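Shown next, in structure tokens, is the structure this report addresses.
Treat the numbers as computed from the prediction; the structure is a model and nothing was measured.
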Amino acid sequence: MKILVLAGTTRCGHDGLVGPKASQTWVRIGGSPVLVAHDPEGRPIAGCPNIGLNIKPCTNTLTVHTGYSGFICIGERAVCLDSVTGFTDGTPPGAVKYTVRSPGQSFTVAAS
């Protein structure tokens, strides 16, 4: 699995774009900060097309379910891997996931 960096792309299940955030900037890969635990959580989602009567589009990410490294940490926080996934706040509740489409770098891998 590749390490997820700020330049990576994460999208909701409807293809809305998750806004990036990096809580640390001292460790970088290819010039982009490495994402660590909790960076993908609570992020805004832009452009979710799941809009309609009684349908809430994905607007925020919720808790990460999988995708943190069990071996590599930065500042006592686990590094995010390209397997990061969790649910969004869109409808139907508890069914729409966000996933990494591109880790933002292609040469550094890590173990889960």
Side-chain angles (χ1 to χ4, degrees):
M1 287 180 253
K2 293 186 174 68
I3 294 176
L4 182 60
V5 298
L6 186 63
T9 303
T10 305
R11 294 191 173 265
C12 74
H14 304 113
D15 213 29
L17 183 62
V18 175
K21 172 192 170 191
S23 61
Q24 68 81 32
T25 57
W26 61 91
V27 178
R28 296 171 177 261
I29 298 174
S32 188
V34 172
L35 300 186
V36 294
H38 307 297
D39 284 348
E41 300 173 10
R43 302 308 310 143
I45 300 173
C48 178
N50 190 39
I51 299 170
L53 189 61
N54 295 324
I55 297 176
K56 182 188 181 307
C58 301
T59 57
N60 287 289
T61 59
L62 302 177
T63 304
V64 168
H65 287 268
T66 60
Y68 291 144
S69 174
F71 300 106
I72 302 172
C73 293
I74 298 172
E76 299 182 10
R77 293 171 65 190
V79 166
C80 294
L81 305 174
D82 63 357
S83 59
V84 162
T85 186
F87 290 110
T88 73
D89 62 351
T91 56
V96 184
K97 290 187 175 183
Y98 59 93
T99 57
V100 175
R101 302 285 175 88
S102 168
Q105 58 87 24
S106 61
F107 42 84
T108 307
V109 296
S112 61

How close do [X] and [Y] get, counting heavy atoms only, and between which atoms?
X      : Y     : value
Phe87  : Tyr98 : O-CE2, 3.1 Å
Val84  : Gly67 : CG2-O, 3.5 Å
His38  : Tyr68 : N-OH, 2.8 Å
Ser106 : Lys2  : O-CE, 3.4 Å
Gly86  : His65 : CA-CD2, 3.5 Å
Val96  : Cys58 : CG1-SG, 3.6 Å

Nearest 0.5 angstrom please: [X] [atom1] to [Y] [atom2], how far?
X     : Y      : atom1 : atom2 : value
Lys97 : Thr66  : NZ    : OG1   : 7.0 Å
Leu62 : Thr88  : CG    : OG1   : 6.5 Å
Thr59 : Asp89  : OG1   : CG    : 3.5 Å
Arg28 : Thr108 : CZ    : OG1   : 14.0 Å
Leu81 : Ser69  : CG    : OG    : 5.0 Å
Leu17 : Ile45  : CG    : CD1   : 9.0 Å

So [Y] and [X], do their side chains get closer than 4.5 Å, heavy atoms only?
X     : Y     : value
Leu4  : Asp82 : no
Leu6  : Leu35 : yes
Val34 : Trp26 : no
Pro40 : Val18 : no
Arg77 : Asp39 : yes

I need the single residue from Pro33, Cys80, Ser32 that forms a side chain to side chain contact (heavy atoms under 4.5 Å, CB included) with Val5. Which is it?
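Going through the options one by one, the only one that passes is Ser32.
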Report yes or no: do Ile74 and Phe107 belong to one cluster of Ile/Leu/Val/Met/Phe/Trp/Tyr joined by side chain heavy-atom distances under 4.5 Å?
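Same hydrophobic cluster.
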Do Ile55 and Ile51 belong together in a cluster built from hydrophobic side chains that touch within less than 4.5 Å?
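No, Ile55 does not connect to Ile51 through the hydrophobic network.
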Distance-only donor-acceptor check, side chains Thr10 and Arg43, under 3.5 Å:
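On atom types as modelled, these side chains do not qualify, holding no pair under 3.5 Å.
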Give a yes or no on this: more than 12 heavy atoms of other residues, nucleotides or ligands lie within 6.0 Å of atom NZ of Lys56.
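Enclosed.
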Run Gln24 and Val79 through side chain to side chain contact (heavy atoms under 4.5 Å, CB included) and show every step you take.
CA-CA 11 Å; Gln24 68 81 32; Val79 166; over 6 Å; no
